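These notes concern the structure reproduced below.
These figures come from a predicted structure and were not determined experimentally.
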Amino acid sequence: MPELDSTVKNVVNETIEPMGISQIRVFAEKFAKIPGLIKLTLGEPDFNVPEHVKKAAIESINANDSHYSAQKGIIGLRKAISNYLSKRFEIDYDPETEIIVTIGATEAIFDSLAAIINPGDKVLIPTPTFALYIPIVKILGGIPVQVNTTDDGFRLTGKKLRDVIAREGADKVKALILNFPGNPTGFVYSKDELQEIVDVVKSKEMYVISDEIYAELTYGEKHISLAKLMPGKTILINGLSKSHAMTGYRIGYIAAPKGFVTNAAKMHAFVVTAPSNPAQYAAKEALTNGIDDCIPMRDIYQERRDYIVDQLNDIGYETKLPEGAFYTFSKIPTEFNLTAVEFANKLAEEGKVGVTPGTAFGEGGEGHFRMSYASSIEDIKEAMKRLRIFTENLKN
């Protein structure tokens with residue numbers, strides 16, 4: 001194995017070099033090494049991709065679709081995305097000029113921020129939230145401004161948003177990132193709560209990046225896209241990883257006004273050239289003939305959610321009922337006198353249950369831990385038994 005030459009050891013990107021990898025991954029990989037541990041860390045659906053969707057990918061390979069597609073994605077998939085968004089969420093986008101197919105929602109986030117940020121620009125990030133927003137903003141030379149929403153039930157209120165913009169400077173704040181249904185909290189914004197945000201943002205020179213990857217996984221009220229209320233300033237991000245259990249296919253997308261998409265498409269072309277053809281044809285099939293494939297998965301998630309929330313509260317971990325996604329976000333009792341990281345490590349080592357500490361999701365996550373219920377009910381039930389025993393031992 002070659003060793004790094006001493007003459008290049010200091011030739012590094014000074015922004016990236018001090019960063020660690022995602023704390024979600026850190027704890028998932030660390031805990032995976034503990035024998036017999038039940039891992040409820042990653043948001044990885046335990047379902048298989050629907051058969052008709054897999055067949056479409058295979059047919060693409062057999063048809064020798066092995067050449068570069070259009071950089072923004074095959075037009076058939078972009079039309080399918082446009083039709084899906086119109087049918088499901090009553091929002092309209094031109095497939096030719098207002099949609100980009102990306103390598104997962106992660107690339108969509110990167111491209112979108114890259115199209116906005118100049119060095120020193122500020123991006124507001126309500127926390128706790130998806131862990132990758134903060135480092136991406138930093139990599140691009142922006143300044144992530146974390147807004148702790150814990151005291152407001154994990155929602156960004158219009159008042160708090162207005163106050164933060166005034167404090168940080170309206171001339172410097174160029175974007176707000178919303179994540180809903182929320183990871184890790186499962187929080188869903190109502191139409192009135194979204195309208196509060198719109199009322200603040202509409203007069204400001206800024207975008208809202210609305211990450212709605214869990215839009216199909218709501219329990220009760222139907223998801224309302226921010227793009228329906230504020231289409232001209234919303235950058236909608238979505239994908240098929242969660243709705244169709246297609247995490248490994250890596251298909252996401254950006255839907256936004258043409259003037260924004262033009263710049264975002266440049267970054268997309270520089271970074272990836274074009275998405276994979278078989279994955280795109282699979283996604284086209286999923287959004288054309290498999291729009292309802294997510295429903296049986298969602299029903300099972302809801303059953304798991306109801307069970308795990310009931311158990312967590314009964315054991316003594318205050319947990320609000322998640323309205324979407326497939327995570328619980330529970331409060332660590334103060335009498336334990338443990339940080340989120342200390343609690344997660346102790347639970348893994350002594351209780352043999354893997355969870356993600358709340359601090360992996362930003363400043364608003366301290367004192368909490370996330371559990372994923374995208375695992376079998378058998379694993380969840382065993383994890384709750386172990387958590388109960390661990391908790392009783394901890395109290396004693």
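A ring pair (Phe, Tyr, Trp, His ring centres under 6.0 Å) check over residues 300-325, counting only residues at least two apart or in different chains, returns the pairs F47-Y301, Y301-F326, Y317-F343, Y317-F369. Within the structure, ring pair (Phe, Tyr, Trp, His ring centres under 6.0 Å) pairs that include any residue of residues 261-285 do not occur (at least two apart or interchain). Residue pairs meeting the ring pair (Phe, Tyr, Trp, His ring centres under 6.0 Å) criterion with at least one member in residues 227-259: none, sequence neighbours excluded. Here ring pair (Phe, Tyr, Trp, His ring centres under 6.0 Å) pairs that include residues 162-196, with residues two or more places apart or in two chains, are F180-Y189, F180-H223, F187-Y189.
Ion pairing between a basic and an acidic side chain is recognised when a charged N comes within 4.0 Å of a carboxylate O; D46 and R304 show such pairing.
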Decide yes or no on salt bridge (Lys or Arg N to Asp or Glu O under 4.0 Å) for K172 and E168, but give the supporting numbers first.
CA-CA 7 Å; K172 282 294 184 182; E168 298 295 331; over 6 Å; no
Going through the distances and angles, do D94 and R78 end up as a salt bridge (Lys or Arg N to Asp or Glu O under 4.0 Å)?
CA-CA 9 Å; D94 182 347; R78 283 183 278 150; over 6 Å; no
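Under the 4.5 Å side-chain criterion, counting only non-hydrogen atoms from C-beta, N277 is not in contact with S66. Side-chain contact between E59 and N62 is absent, with no heavy-atom pair separated by less than 4.5 Å. Side-chain contact between P231 and I91: absent, with no pair of heavy atoms (C-beta onward) separated by less than 4.5 Å. Annotation: side chain of L236 is in contact with side chain of L85 (closest heavy-atom distance under 4.5 Å). Within the 4.5 Å cutoff, the side chain of E221 has no heavy atoms near those of the V188 side chain. Taking 4.5 Å as the limit, some side-chain heavy atom of D211 sits within range of a side-chain heavy atom of Y133. When side chains are defined from C-beta on, K138 counts as touching P144, because their heavy atoms get closer than 4.5 Å.
Applying the side-chain hydrogen bond (donor to acceptor under 3.5 Å, both in side chains) test to E193 and every residue at least two apart in sequence or in another chain returns R155, S190. Under the salt bridge (charged side-chain N to carboxylate O under 4.0 Å, His left out) criterion, D192 pairs with no residue at all, not counting sequence neighbours.
The CG atom of D379 sits 11.0 Å away from the CE atom of M384 when rounded to the nearest 0.5 Å. Here L113 contributes atom CG and I139 contributes atom CD1; the two are 10.5 Å apart, rounded to the nearest 0.5 Å.
Applying side chain to side chain donor-acceptor pair (under 3.5 Å) to Q311 and the options R388, K385, K381 leaves one that passes, R388.
A donor atom on one side chain and an acceptor atom on the other are not found under 3.5 Å apart for D306 and Q302. For N148 and T127, the side-chain atoms include no donor-acceptor pair closer than 3.5 Å.
For Y327 and Y214, the gap between ring centers is short of 6.0 Å.
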